[in-house]
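Down below is the structure, laid out as structure tokens.
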Amino acid sequence: MFERIGNILGVKPTTLRNKRDMFDPFCNTIKTKGKKRKGWWQNDRLLSDMQQVFDYYRELEEEEIEEEIREILNM
């Protein structure tokens, strides 16, 4: 998945994984289907650009987020 999305966006798959991992400490405040990730548990706040992303998506259901991602990536 990260390879495919990385190719579409022109970024390394590890960059995508690292960006995803930044949100791990905040997963309990996102409406997921009981999915828990440990990842970068030692971070207690986000950089301002990542905070904006988090604030935008935090109230959406997982399905809504997935649909928006598919639209962005034309998948």
Side-chain angles (χ1 to χ4, degrees):
M1 174 178 73
F2 290 105
E3 285 285 331
R4 183 175 176 200
I5 295 171
N7 286 333
I8 293 169
L9 297 176
V11 297
K12 295 179 183 179
T14 52
T15 299
L16 295 174
R17 285 187 192 98
N18 289 336
K19 294 291 184 183
R20 178 209 50 200
D21 292 349
M22 285 183 193
F23 293 94
D24 288 343
F26 310 97
C27 283
N28 63 343
T29 62
I30 298 173
K31 298 176 181 180
T32 60
K33 298 175 184 171
K35 298 174 186 170
K36 298 282 184 185
R37 291 183 34 83
K38 292 186 180 179
W40 293 0
W41 55 269
Q42 56 275 59
N43 287 349
D44 61 352
R45 62 184 178 157
L46 295 167
L47 300 172
S48 64
D49 58 335
M50 294 294 107
Q51 185 66 52
Q52 290 174 346
V53 170
F54 181 75
D55 291 342
Y56 178 80
Y57 287 102
R58 79 178 337 152
E59 298 300 322
L60 298 179
E61 296 292 333
E62 188 172 0
E63 293 81 13
E64 294 172 294
I65 296 170
E66 288 174 3
E67 179 60 30
E68 187 164 332
I69 290 169
R70 282 189 186 91
E71 289 176 16
I72 291 168
L73 299 175
N74 296 313
M75 297 175 76

Steps toward side-chain contact (heavy atoms from CB on, under 4.5 Å) verdict (Thr15, Leu9): CA-CA 11 Å; Thr15 299; Leu9 297 176; over 6 Å; no

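Taking CG from Leu16 and CE from Met1, the interatomic distance works out to 8.5 Å, rounded to the nearest 0.5 Å. Distance CD1/Ile8 to CG/Leu73: 5.0 Å, rounded to 0.5 Å. The CZ atom of Arg17 sits 10.5 Å away from the CD1 atom of Ile5 when rounded to the nearest 0.5 Å. The CD1 atom of Ile69 sits 13.5 Å away from atom CG of Asn74, with the distance rounded to the nearest 0.5 Å.
Residue pairs satisfying the salt bridge (charged side-chain N to carboxylate O under 4.0 Å, His left out) criterion with at least one member in residues 48-57, sequence neighbours excluded, are listed as follows: Asp55-Arg58.
A search for side-chain hydrogen bond (donor to acceptor under 3.5 Å, both in side chains) contacts involving Asn7 returns nothing, not counting sequence neighbours. Under the rule for a side-chain contact (heavy atoms from CB on, under 4.5 Å), the partners of Glu67 that lie at least two apart in sequence or sit in another chain are Glu71.
For the residue pair Tyr57 and Ile72, the shortest heavy atom distance occurs at OH-CD1, 4.3 Å. Residues Leu46 and Phe54 approach most closely at CD1-CB, 3.7 Å, considering heavy atoms.
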